[in-house]
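Down below is the structure, laid out as structure tokens.
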Amino acid sequence: MKDFNTGFTNKSYFHIIKSIVEGIYERNFDIRKFDFNFRDDSSINACADYDKQGNYDILKINTGTIIEIVALMKTAFAQRNILSNFGNANEEKNAIYTGEYVYRNNKHELIFRTQNTIVDSCREQLSFYVALMAIRFVFTHEVGHIVNGHTRLMNDLYMNSKIYMRMEKSNNIMQYCLDRRTLEMDADAAAATSSIDNILILYEQDKTGLEDMQIYSIENLLELWGFSIACVFLLFELNCRTNYDLKSYYLPNSARYILAIDAARQTLLSYKRNKVISYTIDVEMYDKAVTKGLIEAEKLFLLYSDDLTLSKDLFSNCEKFETFSKEVNENWDKNLRERLKKYSRTVLFSEEETEQAVIDMKKKEENILRRVIQQILKKVR
């Protein structure tokens with residue numbers, strides 16, 4: 001496997017993702033202390049790490065992650081019955097996309113193939129946009145591990161700073177597993193918070209651009225966002241089924257999904273209270289739109305498996321979900337949160353500190369990430 005961060009065109013997925021990742025990091029930290037690379041690996045994963053000797057942060061995202069997410073979103077918008085209220089879905093021919101990474105002529109490229117391409121130009125554009133939402137959630141999860149101090153804490157506690165977004169293994173050291181599950185929950189919350197911030201502020205600042213993609217309301221945008229987040233965890237579940245296990249590094253994907261959606265909901269409420277956004281939005285609207293996105297995502301995954309859902313798993317394992325989510329929250333409050341203060345370079349989760357961070361954020365000028373997103377939207381129109 002080889003790592004790379006150059007050798008691709010400015011219009012490629014690689015360049016766009018690199019620009020956003022480095023923009024997020026550079027927002028508050030010294031970019032010279034950050035090593036970001038793509039990894040030539042067909043598996044769906046990403047990794048955060050810390051080099052203690054050189055005192056720099058490391059983030060890698062597998063080429064397989066980008067390929068699978070982009071191919072999935074292209075397939076979604078090539079279907080007549082999925083997200084059919086966006087663009088002209090009746091024209092679509094129910095195509096299935098596949099993709100591969102190639103290195104040729106000294107260039108890193110992603111190639112996508114299908115028998116029938118997406119027909120409607122609006123849906124083609126939306127497939128790119130929603131793929132970017134999903135990929136963004138993956139790498140902001142890893143950024144969350146870094147800036148919240150997880151990699152540095154793990155290095156000192158367990159002499160292992162490398163944290164993958166998903167690993168198909170377990171460990172007999174129960175406290176280590178509980179700590180990992182707790183940190184994964186925190187990284188998911190960080191990704192959800194960053195993701196919903198991007199959505200809410202984007203709708204505030206670029207309604208015209210969104211309307212060009214036939215996104216006419218915040219409900220439309222939240223449905224697409226909810227769809228993208230559900231697809232991330234359904235894709236993880238498709239590749240490796242999860243369950244409630246004390247030896248696991250992760251909560252089940254259905255539990256991770258619902259906790260991430262709740263973290264985003266809390267951010268939305270804080271933005272509303274502090275009037276960060278000027279348009280009308282409420283929890284009922286949010287829940288309805290995100291649920292519509294989940295339903296559409298579960299319809300999509302019927303193309304790949306006839307028994308893959310998040311909602312049914314949550315319903316059938318309600319008691320276990322309550323037990324395990326309570327366990328990681330208590331470990332966060334009583335153990336890890338206080339230890340992380342030494343390593344964290346951002347606000348650690350608590351209702352009071354989050355609320356204050358939103359108040360402070362409102363006073364700041366537009367950050368690098370929002371400018372990058374707006375530039376990207378202009379390029380793809």
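What you see is a predicted model, and the numbers here were worked out from it, not measured in a lab.
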inquiry  = In the structure I gave you, are the side-chain heavy atoms of Tyr244 and Thr323 within less than 4.5 Å of one another anywhere?
reply    = no
ask   = Would you say Asp188's side chain and Leu259's backbone share a donor-acceptor pair under 3.5 angstrom?
value = no
query = Would you say Phe236 and Tyr257 make side-chain contact, with heavy atoms under 4.5 Å?
reply = no
query = Should Ile31 and Ile146 be counted in the same cluster of Ile, Leu, Val, Met, Phe, Trp and Tyr side chains packed under 4.5 Å apart?
reply = yes
query = Do you see a donor-acceptor pair shorter than 3.5 Å between the side chains of Glu327 and Asn331?
reply = no
query = Looking at Arg337 and Leu348, what are the two nearest heavy atoms and their distance?
reply = O-CD1, 3.6 Å
ask   = Within a strict 4.5 Å, meaning less than it, do heavy atoms of the Leu300 and Leu72 side chains meet?
value = yes
query = Roughly how far apart are Leu234 CG and Ser254 OG, rounded to 0.5 Å?
reply = 9.5 Å
ask   = What's the shortest heavy-atom distance between Thr9 and His15, and which atoms?
value = O-CB, 3.2 Å
inquiry  = Taking atom CE as the centre, does Met159 end up with more than 12 heavy-atom neighbours from other residues, nucleotides or ligands that are less than 6.0 angstrom away?
reply    = no
request  = Could you tell me how the ring of Tyr13 sits relative to the ring of Phe128: parallel (under 30°), tilted (30 to 60°) or perpendicular (over 60°)?
outcome  = tilted
message = Taking Met133 as the starting point, is it possible to reach Leu110 by hopping between hydrophobic residues whose side chains are less than 4.5 Å apart?
response = yes
task = Heavy atoms only: give me the nearest Ile111-Arg104 pair and the separation to one decimal.
result = CD1-NH2, 3.5 Å
query = When clusters are formed by joining ILVMFWY residues with side-chain heavy atoms under 4.5 Å apart, either directly or through shared neighbours, do Ile61 and Val102 land in the same one?
reply = no
task = Would you mind telling me which of Tyr103, Phe139, Phe4 makes a ring pair (Phe, Tyr, Trp, His ring centres under 6.0 Å) with Phe38?
result = Phe4
inquiry  = Could you check whether Glu109 and Ser12, counting side-chain N and O atoms only, form a donor-acceptor pair closer than 3.5 Å?
reply    = no
ask   = Salt bridge check: are Arg181 and Glu184 linked by an N-O gap of less than 4.0 Å?
value = no
ask   = Would Phe112 and Tyr97 count as a ring-ring contact (aromatic ring centres under 6.0 Å, His included) if you check the C-alpha gap in whole Å, the side-chain angles of each, and the deciding distance to 0.1 Å?
value = CA-CA 7 Å; Phe112 295 96; Tyr97 280 80; 7.4 Å; no
ask   = Can a donor-acceptor pair be found between the side chains of Ser305 and Arg241 at a distance below 3.5 Å?
value = yes
ask   = Does Glu91 pair with Arg123 as a salt bridge, N-O distance under 4.0 Å?
value = no
inquiry  = Distance alone, cut at 3.5 Å: any donor-acceptor contact between the side chains of Asp41 and Ser43?
reply    = yes
query = For Tyr56 and Asp51, does a side-chain donor sit closer than 3.5 Å to a side-chain acceptor?
reply = yes
query = Could you go step by step and tell me if Leu268 and Leu200 meet the side chain to side chain contact (heavy atoms under 4.5 Å, CB included) rule?
reply = CA-CA 8 Å; Leu268 181 151; Leu200 296 174; 4.3 Å; yes
Candidate list Asn220, Ile215, Leu224, test side-chain contact (heavy atoms from CB on, under 4.5 Å), partner Leu210, passing option = Ile215
request  = Count the heavy atoms belonging to other residues, nucleotides or ligands that lie under 6.0 Å from NZ of Lys320, then report whether that count exceeds 12.
outcome  = no
ask   = Atom CD1 in Ile20, atom CD1 in Ile17: separation rounded to 0.5 Å?
value = 7.5 Å
request  = Could you walk me through whether Thr63 and Phe14 pass the side chain to side chain contact (heavy atoms under 4.5 Å, CB included) test, one step at a time?
outcome  = CA-CA 9 Å; Thr63 54; Phe14 293 128; 4.2 Å; yes
query = Using links of under 4.5 Å between side-chain heavy atoms of ILVMFWY residues, direct or through other members, which residues join Phe315 in one cluster?
reply = none
task = Determine, using the 4.5 Å side-chain heavy-atom cutoff (strictly less than), whether Ile44 and Met73 are members of one ILVMFWY cluster.
result = yes
inquiry  = Using only atom types and a distance under 3.5 Å, with no angle test, would you say the side chain of Asn62 pairs donor to acceptor with the backbone of Gly64?
reply    = no
query = Do the side-chain N and O atoms of Lys299 and Asn81 include a donor-acceptor pair separated by under 3.5 angstrom?
reply = no
request  = Walk me through it: do Arg265 and Val283 pass the test side chain to side chain contact (heavy atoms under 4.5 Å, CB included)?
outcome  = CA-CA 7 Å; Arg265 182 190 293 110; Val283 171; 4.0 Å; yes
request  = Decide whether Asn148 and Asp186 meet the rule of one side-chain donor and one side-chain acceptor closer than 3.5 Å.
outcome  = yes
task = For the pair Asp57 and Arg345, find out whether any cationic side-chain nitrogen is under 4.0 Å from an anionic carboxylate oxygen.
result = yes
message = What I'd like to find out is whether the side chain of Ser311 reaches to under 4.5 Å of the side chain of Leu294, using heavy atoms alone.
response = yes
ask   = Given the rule in the ring-ring contact (aromatic ring centres under 6.0 Å, His included) test, do Phe233 and Phe137 qualify, once you have shown the distances and angles that lead to the verdict?
value = CA-CA 11 Å; Phe233 290 108; Phe137 184 88; 5.7 Å; yes
message = Is it true that, when you exclude Tyr25 itself, more than 12 heavy atoms of the residues, nucleotides or ligands shown sit nearer than 6.0 Å to its OH?
response = yes
task = Run the numbers on Arg136 and Ser194 for side chain to side chain donor-acceptor pair (under 3.5 Å), then give the verdict.
result = CA-CA 9 Å; Arg136 188 185 187 283; Ser194 174; 3.2 Å; yes
ask   = Is any side-chain heavy atom of Asn155 closer than 4.5 Å to a side-chain heavy atom of Asn160?
value = no
query = Are there more than 12 heavy atoms of other residues, nucleotides or ligands under 6.0 Å from atom CD of Glu211?
reply = yes
task = Please check if any side-chain donor atom of Asp49 sits under 3.5 Å from a side-chain acceptor atom of Ser161, or the reverse.
result = yes
message = So that I can tick it off, tell me whether Glu100 and Arg113 are bridged by a salt bridge, with the cut-off set at under 4.0 angstrom between side-chain N and carboxylate O.
response = yes
Ion pair check, Arg32 and Asp30, cut-off under 4.0 Å = yes
note = One should read off an interatomic distance between Leu238 CG and Cys240 SG, to the nearest 0.5 angstrom, of 10.5 Å
query = Atom CZ in Phe301, atom SG in Cys231: separation rounded to 0.5 Å?
reply = 5.0 Å
query = Any salt bridge between Arg80 and Glu92, counting N to O under 4.0 Å?
reply = no
inquiry  = For Lys2, is there an ion pair with Asp40 - N to carboxylate O distance below 4.0 angstrom?
reply    = no
inquiry  = Pair Tyr50, Asn55 - check side chain to side chain contact (heavy atoms under 4.5 Å, CB included), show working.
reply    = CA-CA 7 Å; Tyr50 171 60; Asn55 188 32; 3.0 Å; yes
note = In terms of heavy-atom contacts, Lys247 and Cys177 come closest through O-SG, 3.3 Å
key: Carboxylate-amine/guanidinium proximity below 4.0 Å for Lys60 and Asp3   = yes
task = Kindly say whether Ile96 contributes a backbone atom to a donor-acceptor pair with the side chain of Thr114 at under 3.5 angstrom?
result = yes
ask   = If every non-hydrogen atom of Glu204 is compared with every non-hydrogen atom of Ser278, which pair is closest and at what distance?
value = OE2-OG, 2.7 Å
message = Check for me whether the distance between the ring centres of Phe29 and Phe34 falls short of 6.0 Å.
response = no
key: Point-to-point distance, once rounded to the nearest 0.5 Å, from CD1 of Ile135 to OG of Ser228   = 10.5 Å
Approximate separation, where rounding is to 0.5 Å, of Asn253 CG and Asp313 CG = 9.0 Å
query = What pair of heavy atoms forms the shortest contact from Glu237 to Thr242, and how long is it?
reply = OE1-OG1, 2.7 Å
